[in-house]
Undergrad: 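Okay, handing you the structure first.
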Amino acid sequence: MAQFFAYIVHKNGAADDSALELINAAKKIDPSAAVTAIVTGSGADLDKVADEVAASYPEVWKISNDALAYPNAEVVRKALLNNLPSDAVILMPHDTFGMDLAPGLSIKLDSAFVSDVADFEGVDGTDIKVIRQEFSGQVSTHVKVDMSGGAVITVRPGVFQPDESKSAGGSVTDKDAGDVSAKRKYLEVLVAEVGDVDITKSEVLVSVGRGIEDQDNLEIIHELAEAMGADVACSRPIVDAKWLEKSRQVGTSGLTVKPKVYLALGISGSFQHMGGIKGNPFIIAINKNPKAPIFQLADVGIEEDILEFVPELTEAINEAK
Amino acid sequence: MEILVCVKRVPDTSENEIEVNSDGTDIERDDLVYSVNEWDNYAVEEAIQIKDKVGGSVTVVTVGDEESEEVLRREMAMGADNGILLEDDAFEGSDGKGIAAILKAAVEKGNYDLILTGAQADDGAAQVGGMLAAMLDLPYASLVNFIDVSDDKKLKVGREIEGGNQEMNEIELPCVLSIQTGINEPRYVGIRGIRKVASVEIPTHGASDLGLGADAVGAGAAKVKRLDYFVPELGEGAEMLEGSTEEKVAKLIELLKAKGGIK
């Protein structure tokens, strides 16, 4: 079996949640896998992450270089290519960094590539069978990946249990980044503006998605929120259409919320959206599409067109007052 | 600036309930509404806006079949100057790498400064842009939601990263960018616009035109193969409220009150 690696995403001297999830992801492929963690970066933050990760991985490769201080995928790719064996099986999270790095890395390693893996279902020779989703999560597929020449795999964040045992007592080995010159230069991160309402603090959220169909229809959402004493949030398409501010968007590319009650209206329930809902709220989904993935994730579901149902709900709440 | 945008014809998930066929070999394709992949449409709009600013041309290319032509024409009606269809039975069963190899061959037939793809398509793989860039040895940035073209040697691009933050980068031209939705507001395309480009010639290239062998594309070259489709079971599933609309409203209000959802 090929050598397994996990690329550790980290920020401000702390490893991302995915760091511990990748251990169990790799063990799902090969229960006896001894996974090597790779951390790239520079300075004290890198040292701290390498030590943190060594508690969970038997071996940690630490690649230090000033050019790696910010994880620019084009620079990281070169550092990895200068160190990885060509038949490596390397796992990383399917996040905005993994999406930037992984496809090109697989080409340069001439290895198989499979992304956003939700589960592994065993190995047959050099083939692994994985489960992933298509069509915004409406259907799943089994995919066979030939990893005889190595593989680059991005794993869906949050689906594998973190390995909290921290009993690896691993060693940290310094590796040379080598030539990491790149034609893309990181400049800065512009932090998202805070909106007029801070939905991360809301206890009750009325969240609207593509099912609202038209900007003018948003009025019914605001009226319902007012009747309930809730705040209005939304999924990505509403922000893309510029109908609501980015500061109202729930999801991995928006804000992480932790309300007590989450009313999802016309939201399909992509994992990127659900990834922004924490704290195990009571989720109610109203959607006219019975196949919407949100019905698998919500506590209570109602198959209705929100354009008709929401005004009736608002009226009934107001009458009951 | 000469810009190439890679597009794909996909089932429109906002218009369709996607169902698996009886033997799980495919989704039910009859009666599906198809359209251009949403991310690609933003990419084409961005290309047209760049052309309007600095001049040049926009070409849209797709790997597909005859039916994919409608998507090329739609994007040409938006303002793309040229369309190219890459079609060959030998392309059937290509994995992401195979598709990228086909596109690479098409890129090399032209002289492009900027190549755009959508950040992802119907299979959610988000792979072709990054693979194409690596094959061409060009710099790449994914999930781009801002492009500044004030310099002719390099671009300033913003990437959408976690938490709604934006990562700013400088990237040398030529380069490959994958475009995130929300970067612009794609223009509306009317029937009249599509009619105007209905008779424009769209060149078609096959494997031999592109110099591609069976070792690079198609099912034979694919290391990644889809085995089947099935309906996921993500959790226990929601308790579905049944009855008339009035009854559902009443049940929901009761639940909301019990859970503190109505103040």
Side-chain angles (χ1 to χ4, degrees), chain A residues 74 96 99-100 103-104 107-108 112-116 133-136 138-146 183-192 204 210 228-229 239-240 242 246 249 252-255 260-261 282 285 289 291 293 295-302 309 312-313 316-317 320, chain B residues 13-14 17-18 20 27 96-97 122-127 130-131 133-135 139-143 160-172 181-182 185 223-235 237-241 245 248-249 252-253 255-256 259-263:
Chain A
E74 297 279 291
T96 64
M99 288 163 88
D100 214 27
I107 294 300
K108 293 297 183 188
F113 177 70
V114 62
S115 66
D116 194 18
Q133 296 184 330
E134 299 194 11
F135 303 107
S136 313
Q138 291 192 55
V139 295
S140 288
T141 65
H142 288 105
V143 175
K144 193 174 77 174
V145 183
D146 174 3
K183 291 178 176 172
R184 174 177 140 198
K185 196 172 105 190
Y186 163 74
L187 300 173
E188 61 179 329
V189 167
L190 303 179
V191 177
V204 183
R210 210 190 279 267
M228 290 171 61
V239 173
D240 282 348
K242 315 273 191 287
K246 184 93 185 161
Q249 186 192 329
T252 51
S253 63
L255 294 170
K260 285 184 181 149
V261 175
F282 189 74
N289 178 359
K291 298 272 164 26
F295 285 132
Q296 305 241 13
L297 302 159
D299 296 286
V300 167
I302 299 174
F309 190 81
E312 297 208 24
L313 177 61
I317 291 172
Chain B
T13 51
S14 65
E17 292 169 20
I18 305 290
V20 177
I27 57 169
K97 188 179 176 183
D122 52 347
D123 59 7
Q127 61 189 351
M131 289 178 161
M135 286 178 178
Y140 173 65
S142 66
L143 301 163
E160 185 184 270
I161 57 170
E162 276 73 17
N165 300 328
Q166 191 180 36
E167 177 196 290
M168 304 305 295
N169 292 267
E170 214 170 65
I171 189 163
E172 288 178 30
T181 56
E185 291 176 66
K223 288 182 176 175
V224 179
K225 291 189 173 78
R226 187 191 296 107
L227 300 172
D228 64 359
Y229 286 93
F230 64 99
V231 177
E233 282 176 33
L234 300 174
E239 175 202 338
M240 299 300 289
L241 300 188
T245 303
K248 285 188 236 180
V249 165
L252 178 55
I253 289 177
L255 272 169
L256 284 170
K259 298 288 176 185
I262 296 179
K263 285 179 189 167

Undergrad: Around A:Lys183, counting heavy atoms of other residues, nucleotides and ligands shown, do more than 12 lie under 6.0 Å from its NZ?
TA: no
Undergrad: Would you say that B:Val249 contacts A:Phe309 through its side chain, given a criterion of any heavy-atom pair below 4.5 Å between the two side chains?
TA: yes
Undergrad: If we define contacts as heavy-atom pairs under 4.5 Å, which of B:Ala133, B:Ser142, B:Gly124 has the most with chain A?
TA: B:Ser142
Undergrad: Non-hydrogen atoms of chain B under 4.5 Å away: do they reach the side chain of A:Asp299, the backbone, both or neither?
TA: backbone
Undergrad: Is there a side-chain contact between B:Lys97 and A:Phe113 (heavy atoms, below 4.5 Å)?
TA: no
Undergrad: Counting only heavy atoms closer than 4.5 Å, note whether B:Leu241 contacts chain A via side chain, backbone, both or neither.
TA: both
Undergrad: Going by salt bridge (charged side-chain N to carboxylate O under 4.0 Å, His left out), name the residues that satisfy it together with A:Lys242, two or more places apart in sequence or in a different chain.
TA: none
Undergrad: How long is the gap from CD on A:Gln133 to CZ on B:Phe230, to the nearest 0.5 Å?
TA: 8.5 Å
Undergrad: B:Lys223 and side-chain contact (heavy atoms from CB on, under 4.5 Å): which single residue from A:Val145, A:Asp146, A:Val114 fits?
TA: A:Asp146
Undergrad: Identify which of A:Val189, A:Leu190, A:Val143 forms the greatest number of heavy-atom pairs closer than 4.5 Å to chain B.
TA: A:Leu190
Undergrad: Does the A:Lys108 side chain pair with the main chain of B:Ala134, one donor and one acceptor, at a distance under 3.5 Å?
TA: yes
Undergrad: Let's test your reading of the structure: which of A:Lys185, A:Gln138, A:Met99, A:His142 forms the most heavy-atom pairs below 4.5 Å with chain B?
TA: A:His142
Undergrad: I'd like to know if the side chain of A:Glu74 reaches the main chain of B:Tyr140, judged simply by a donor and an acceptor atom lying under 3.5 Å from each other, with no hydrogens or angles considered.
TA: yes
Undergrad: Heavy-atom pairs under 4.5 Å with chain B: which of A:Arg210, A:Arg184, A:Glu188, A:Gln249 has the most?
TA: A:Arg184
Undergrad: Only pairs of heavy atoms separated by less than 4.5 Å count here; which of B:Val20, B:Asp228, B:Leu256, B:Asn165 has the most with chain A?
TA: B:Asp228
Undergrad: Tell me, please, which residues at least two apart from A:Val204 pass side chain to side chain contact (heavy atoms under 4.5 Å, CB included).
TA: A:Met228, A:Ala230, A:Val261, B:Lys263
Undergrad: Under a 4.5 Å cut-off applied to non-hydrogen side-chain atoms, are A:Lys246 and B:Gln166 in contact?
TA: no
Undergrad: Between atom CD1 of A:Ile302 and atom OG1 of B:Thr245, what is the distance when rounded to the nearest 0.5 Å?
TA: 9.5 Å
Undergrad: Looking at A:Leu255, A:Asp240, A:Val191, A:Ile317, which one has more heavy-atom pairs under 4.5 Å with chain B than the rest?
TA: A:Asp240
Undergrad: Below 4.5 Å from any heavy atom of chain B, which atoms of A:Ser253 appear? Answer side chain, backbone, both or neither.
TA: both
Undergrad: Between B:Leu143 and chain A, with a heavy-atom cut-off of 4.5 Å, which part of the residue counts as in contact: side chain, backbone, both or neither?
TA: side chain
Undergrad: Any idea which heavy atoms bring A:Pro103 and B:Ala126 closest together, and the distance?
TA: CG-O, 3.6 Å
Undergrad: Look at the side chain of B:Glu167 and the backbone N and O of A:Tyr186, then say whether any donor-acceptor pair between them is shorter than 3.5 Å.
TA: no
Undergrad: Taking all non-hydrogen atoms of both residues, which atom of A:Ser115 and which atom of B:Ala125 are closest, and how far apart?
TA: OG-O, 2.8 Å
Undergrad: Restricting to non-hydrogen atoms, name the atom on B:Ala238 and the atom on A:Gly301 that form the minimum distance, rounded to 0.1 Å.
TA: CB-N, 3.6 Å
Undergrad: Is any side-chain heavy atom of B:Ile253 closer than 4.5 Å to one of A:Leu313?
TA: yes
Undergrad: Show the nearest heavy-atom pair for residues B:Glu160 and A:Thr96, with the distance to one decimal.
TA: O-CG2, 3.5 Å
Undergrad: Looking only at heavy atoms and a cut-off of under 4.5 Å, which of B:Val224, B:Ile262, B:Asp122, B:Ile18 has the most pairs with chain A?
TA: B:Ile18
